[in-house]
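To start, the structure under review is shown below, and the notes come after it.
Read the numbers this way: they start at 1 and go in the same order the structure lists the ligands and their atoms.
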Amino acid sequence: MGGMFGATSKTDCVCDIFFGTDYHSHLGTMRGGLAVLNDGGFTRFIHDITNTQFRSKFEDDIVKMKGLSGIGVISDYEDQPLLINSHLGPYAIVTVGVIRNLPDLMRRAFKKRTTHFSEMSYGETNPTELVATLINQEATFEDGIRNAQENIEGSCSMLLLTRAGIYAARDRFGRTPLIVGQKDGAVAIASESCAFPNLDYEPVRDLGPGEIVLVTPDGIEQKKPPLDTMRACAFLWVYYGYPASSYEGINVEDARNRCGRALARRDDTRMDFVAGIPDSGTGHAIGYAAEAGIPYKRPFVKYTPTWPRSFMPQDQRVRNLVARMKLIPIRELIQGQSIMFCEDSIVRGTQLQDIIRRIYGYGAEEIHMRAACPPLIFGCPYLNFSRSRSALELAGRKAILELEGEQPESLTEYAHPDSEKHAALVENIRQRLNLTSLKYQRLDDMIDAIGLPDTHLCTHCWTGCDSPCER
Ligand code: SF4
């Protein structure tokens, strides 16, 4: 998916930009980048963070950086920030999202015969460069950003570091968050509000969908008001948002606790204790345990110092070993026990299968699993979240393939929590994972637990609908 951070201050703010960006490390796996602006121009560094923490790659760079404003990014894919020289003046740009119509937009740009793009490895075009091209087609930054927002299919939030300040723009439907924070003499803007507390910023407000602002040390100037339609990514609260972050004023950990409580309210399973699959299952499990009145325990503890990243590397065999290294089982807590595990979601189920095998290996009597969201059966067309994963790799889609012998044209019935097909899908996954019992959260319960109206949330990866489905 990716995350970004920017700060502008009356005094040097390189440290804020460095740490503020670092607080987005859970959102991306490939590249980290920083750019700062001072009287001498831009200073920029980009590093591969595939196997190394952002901090260790950049700590030698920040001593070379000085500036009153800057932006940083953790990216799943392309090199960023890009430094652009245009008729609008020089600027640095970072983006978060996915451009589904990139080839079409490139063709349209080529027709003007004044455009070219640098090639990345494998002959691909850097999507952030395309966004800059769309911005440069207009007479002002705000019109250029509006041009990009109106032409991009998918989603794209961005920060532009300019001499006038930092332009911040949230994607048209507000799928990815952007939150403004302020402290004495400085303003910051972040994908994750968890970047603020330890840097002494107070959250001021979320940008609305499609809203454009110009941020300076003196405050926030609105350049384009928000649009009416909001589709914030519901998965942020359930799975990949950071527990200390809030979006639309709703804290992630709080929402996860409510998700767990909702799961427990529909459950009468007997168990010895409740546990979460670390990290994002933990908040759900705490909520479940509190509602059910059952002890919460940690039959696994994490060991993370040498492998801080969660999705890497690409090779599945090595990834399995990394996942295993990060969770150390405690036999004394597992042996002879009936355990209720809460998990944020079941994506492919590969790592979960290994975890379950190991828990049985350590003597568990029963393993129950509750997923905090419904079965994932559609890919995400809006964020880079599942870039390396085809929708057909999802555990839900593999189950459907097994049940039907081929992928059916319509998946509607499988998405319906009261249908027989849905029950068959869940049973197929339960058997494959060798669980004593498996239940998924209902979509309506998940939406209630988040606390926004369903019309304000994107739930496409569970329903396949771009707005609340007609039932
Ligand atoms: S499809 Fe899923 S992951 Fe993608 S934006 Fe919508 S809810 Fe989020």
Note to self: Can a side-chain donor-acceptor contact be found between Glu192 and His26 if the only test is distance below 3.5 angstrom?
What the structure shows: yes
Next item on the list: Going by heavy-atom distance to atom 1 (S) of ligand 1, choose the closest among Cys461, Gly464, Ser345, Ala232.
Entry: Cys461
Notebook entry, point to check: Closer than 2.8 Å to atom 6 (Fe) of ligand 1, do we get an N, O or S atom from Cys458, backbone or side chain?
Noted result: yes
Item checked: Salt bridge Glu427-Arg430, side-chain N to carboxylate O under 4.0 Å -> yes
Item checked: side-chain contact (heavy atoms from CB on, under 4.5 Å) evaluation trace for Leu403 with Tyr414 -> CA-CA 11 Å; Leu403 292 165; Tyr414 286 102; 4.1 Å; yes
Next item on the list: Using a strict 4.0 Å cut-off to heavy atoms of His460, name the atoms of ligand 1 that fall inside it.
Entry: 1 (S)
Notebook entry, point to check: Counting each atom of ligand 1 from 1 as listed, which ones have a heavy atom of Cys233 under 4.0 Å away?
Noted result: 3 (S), 5 (S), 7 (S), 8 (Fe)
Check: Looking at Gln80 and Ser75, what are the two nearest heavy atoms and their distance?
Finding: NE2-OG, 3.7 Å
